Protein chains: 2
Amino acid sequence: MDSMLNKHGIRPTKIRRAIAELLFDGTDKHVSVDDVIDLARAQKIKTSVASVYNTLNQFAVAGLLRKVTVEQGRAFFDTNLSEHHHFYFEDEERLEDIPVDAINISGLPKLPKGRRIKSIDVTIRI
Amino acid sequence: MDSMLNKHGIRPTKIRRAIAELLFDGTDKHVSVDDVIDLARAQKIKTSVASVYNTLNQFAVAGLLRKVTVEQGRAFFDTNLSEHHHFYFEDEERLEDIPVDAINISGLPKLPKGRRIKSIDVTIRI
DNA sequence: CTAAAATTTAGAATAATTCTAAAAATTATT
DNA sequence: AATAATTTTTAGAATTATTCTAAATTTTAG
Ligand SMILES: [Mn+2]
Ligand SMILES: [Mn+2]
Ligand SMILES: [Zn+2]
Ligand SMILES: [Zn+2]
């Protein structure tokens, strides 16, 4: 776990390690800040709301998580870093992965001058 | 303008008419609530923040506008109702339309049981 | 014209997130 | 190891977008 954090330039401290262990257990997850706070509490990890925000945002900037916004006012952090897309279950406010090869995208438009693609996000609302 | 509102089951009142006139001038727009408040002020339309929220949300529910969320905490209302996609200029916090036929999507994944597609949103962040 | 219903509004409330600045922990230096 | 410097964590305040409330105003119906 520490090597994972180190590799991304994040110093492994107690709470970073604890949150990393909650998240990177091998299964793909889409967690809200609130989910992480709840998970931490369930594991008796003593931390603060501010630290959870700090840590998740740091992980996202470092490339350990991908931040996904589908609705105003609630961000999800995605542990699946490979290229993929999403179903969004509107009634359940929940994301589910779509493998990248399940959707074929071709013929992209030409980009405005001086721009590069940062990401292509396909969200299928269901 | 009144007939447009009536057609969508929205009673044409003073402020609804005024906001509709700001928005539906024939050009495609992606406006934030704040933009509309500014536009209204510039035209000496006396209204309130709550009314702008109410009106834009009503228009969206009625299908006169499409609500687009690309970032946490800021919704855009899109006057372009035809099927299309978006470039999102991250640094400028601005959307630009991509015509539907500029992107070819094929081979959609099969849907979870009992679900129907509400929309497919492709956002290219640049 | 009057009464009923719907809309608008100011300001309070809520919710997600960020900021602040002090305390605690970690790392570097003697 | 002890001390100093740096970084992280934290509680609570602040900020921002949005919604709610309940009273005032406007619109519609009789
Ligand atoms: Mn929860
Ligand atoms: Mn503005
Ligand atoms: Zn995902
Ligand atoms: Zn658009």
Side-chain angles (χ1 to χ4, degrees), chain A residues 1-2 5-6 8-22 30-41 43-62 64-78 90 93-95, chain B residues 1-3 5-6 8-22 30-41 43-62 64-65 67-78 90 93-95:
Chain A
M1 190 58 60
D2 280 20
L5 295 180
N6 280 322
H8 288 259
I10 291 190
R11 297 221 296 217
T13 61
K14 192 123 58 98
I15 86 110
R16 285 177 187 158
R17 202 156 17 218
I19 292 179
E21 263 154 27
L22 293 179
H30 303 98
V31 296
S32 66
V33 167
D34 226 50
D35 292 338
V36 175
I37 292 169
D38 292 349
L39 282 169
R41 291 223 178 97
Q43 308 256 333
K44 318 282 190 202
I45 297 162
K46 199 193 148 333
T47 186
S48 66
V49 174
S51 291
V52 174
Y53 274 99
N54 289 343
T55 303
L56 294 179
N57 282 321
Q58 286 158 185
F59 284 8
V61 168
L64 277 164
L65 287 173
R66 176 175 150 190
K67 199 171 188 172
V68 181
T69 307
V70 266
E71 277 203 355
Q72 77 203 16
R74 173 173 266 106
F76 290 97
F77 291 88
D78 191 343
E90 288 192 337
E93 300 191 2
R94 178 170 73 78
L95 286 167
Chain B
M1 189 58 60
D2 279 21
S3 69
L5 296 180
N6 281 322
H8 288 259
I10 292 190
R11 296 222 295 216
T13 61
K14 192 124 59 97
I15 85 111
R16 285 177 186 157
R17 204 157 15 216
I19 291 180
E21 263 154 27
L22 293 178
H30 304 97
V31 296
S32 66
V33 168
D34 226 50
D35 292 338
V36 175
I37 291 169
D38 292 349
L39 283 169
R41 292 224 177 95
Q43 307 256 332
K44 319 282 190 204
I45 296 161
K46 200 192 147 334
T47 185
S48 67
V49 174
S51 291
V52 173
Y53 273 99
N54 288 344
T55 303
L56 294 179
N57 282 320
Q58 285 158 186
F59 285 8
V61 169
L64 276 165
L65 287 174
K67 199 171 187 170
V68 181
T69 306
V70 267
E71 277 204 355
Q72 76 202 18
R74 172 172 267 105
F76 289 97
F77 290 88
D78 192 341
E90 289 191 337
E93 300 191 1
R94 177 171 72 79
L95 286 167

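Bear in mind the structure is a predicted one, so any value in this text is a computation, not a measurement.
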Atom of B:Arg16, atom of B:Ile10 and distance for their closest heavy-atom approach |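 Residues B:Arg16 and B:Ile10, closest heavy atoms: CD-CG2, 3.6 Å.
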
Would you indicate, yes or no, if [N] has its OP1 or OP2 atom less than 4.0 angstrom from a side-chain nitrogen or oxygen of [X]?
X	N	value
A:Lys46	D:dA11	yes
B:Ser48	C:dT9	yes
B:Thr47	C:dT9	yes

Integer-rounded Å distance: [N] [atom2] and [X] [atom1]:
X	N	atom1	atom2	value
A:Asp35	C:dA15	CG	C1'	15 Å
B:Gln58	C:dT9	CD	P	12 Å
A:Asp38	C:dA16	CG	P	12 Å
B:Asn6	D:dT27	CG	C1'	14 Å

Are there more than 12 heavy atoms of other residues, nucleotides or ligands under 6.0 Å from atom CZ of A:Arg41?
->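 No, the 6.0 Å shell around CZ holds no more than 12 heavy atoms from other groups.
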
With respect to B:Val52, which candidate in B:Asp34, B:Thr47, B:Asn57 satisfies the side chain to side chain contact (heavy atoms under 4.5 Å, CB included) definition?
->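 Result: among B:Asp34, B:Thr47, B:Asn57, B:Thr47 is the only option passing the side chain to side chain contact (heavy atoms under 4.5 Å, CB included) with B:Val52.
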
Please list, pair by pair, any protein nitrogen or oxygen found under 3.5 Å from a nitrogen or oxygen in nucleotides 17-22 of chain D.
{"unit_1": "D:dA17", "atom_1": "OP1", "unit_2": "B:Arg74", "atom_2": "NH2", "d": "3.4"}
{"unit_1": "D:dA17", "atom_1": "O3'", "unit_2": "B:Gly73", "atom_2": "O", "d": "3.1"}
{"unit_1": "D:dT18", "atom_1": "OP1", "unit_2": "B:Ala75", "atom_2": "N", "d": "3.3"}
{"unit_1": "D:dT18", "atom_1": "OP2", "unit_2": "B:Tyr53", "atom_2": "OH", "d": "2.8"}
{"unit_1": "D:dT18", "atom_1": "O5'", "unit_2": "B:Tyr53", "atom_2": "OH", "d": "3.4"}
{"unit_1": "D:dT19", "atom_1": "OP2", "unit_2": "B:Asn57", "atom_2": "ND2", "d": "3.2"}

Can you tell me how far the CG atom of B:Asn6 sits from the CZ atom of B:Arg11, to the nearest 0.5 Å?
->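 Between B:Asn6 CG and B:Arg11 CZ, I get 10.0 Å after rounding to 0.5 Å.
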
Strand-adjacent residues in residues 9-21 of chain A, judged by heavy atoms under 4.0 Å from DNA chain D =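 Residues of residues 9-21 of chain A that come under 4.0 Å of DNA chain D are, in numerical order, A:Arg11, A:Thr13, A:Ile15, A:Arg16.
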
For the residue pair A:Leu39 and A:Ile19, establish whether any side-chain heavy-atom pair is separated by less than 4.5 Å.
->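 Not touching, per the 4.5 Å side-chain cut-off.
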
Note, A:Asp78 side chain near A:Leu95 side chain (heavy atom, < 4.5 Å) =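 A side-chain contact is absent here, since even the closest heavy-atom pair is not under 4.5 Å.
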
For C:dT30, the Watson-Crick or wobble counterpart (both distances under 3.5 Å) =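 Base-paired to D:dA1.
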
Would you say the side chains of B:Asp35 and B:Ser32 form a donor-acceptor pair under 3.5 Å?
->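 Yes, side-chain donor-acceptor contact under 3.5 Å.
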
Examine distances only and state if a side-chain atom of A:His8 and a backbone atom of A:Ala62 form a donor-acceptor pair shorter than 3.5 Å.
->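 Side chain of A:His8 to backbone of A:Ala62: a pair is present.
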
Side chain to side chain donor-acceptor pair (under 3.5 Å) involving A:Gln72 - partner list, sequence neighbours excluded =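 Side chain to side chain donor-acceptor pair (under 3.5 Å) check on A:Gln72 returns B:Lys67.
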
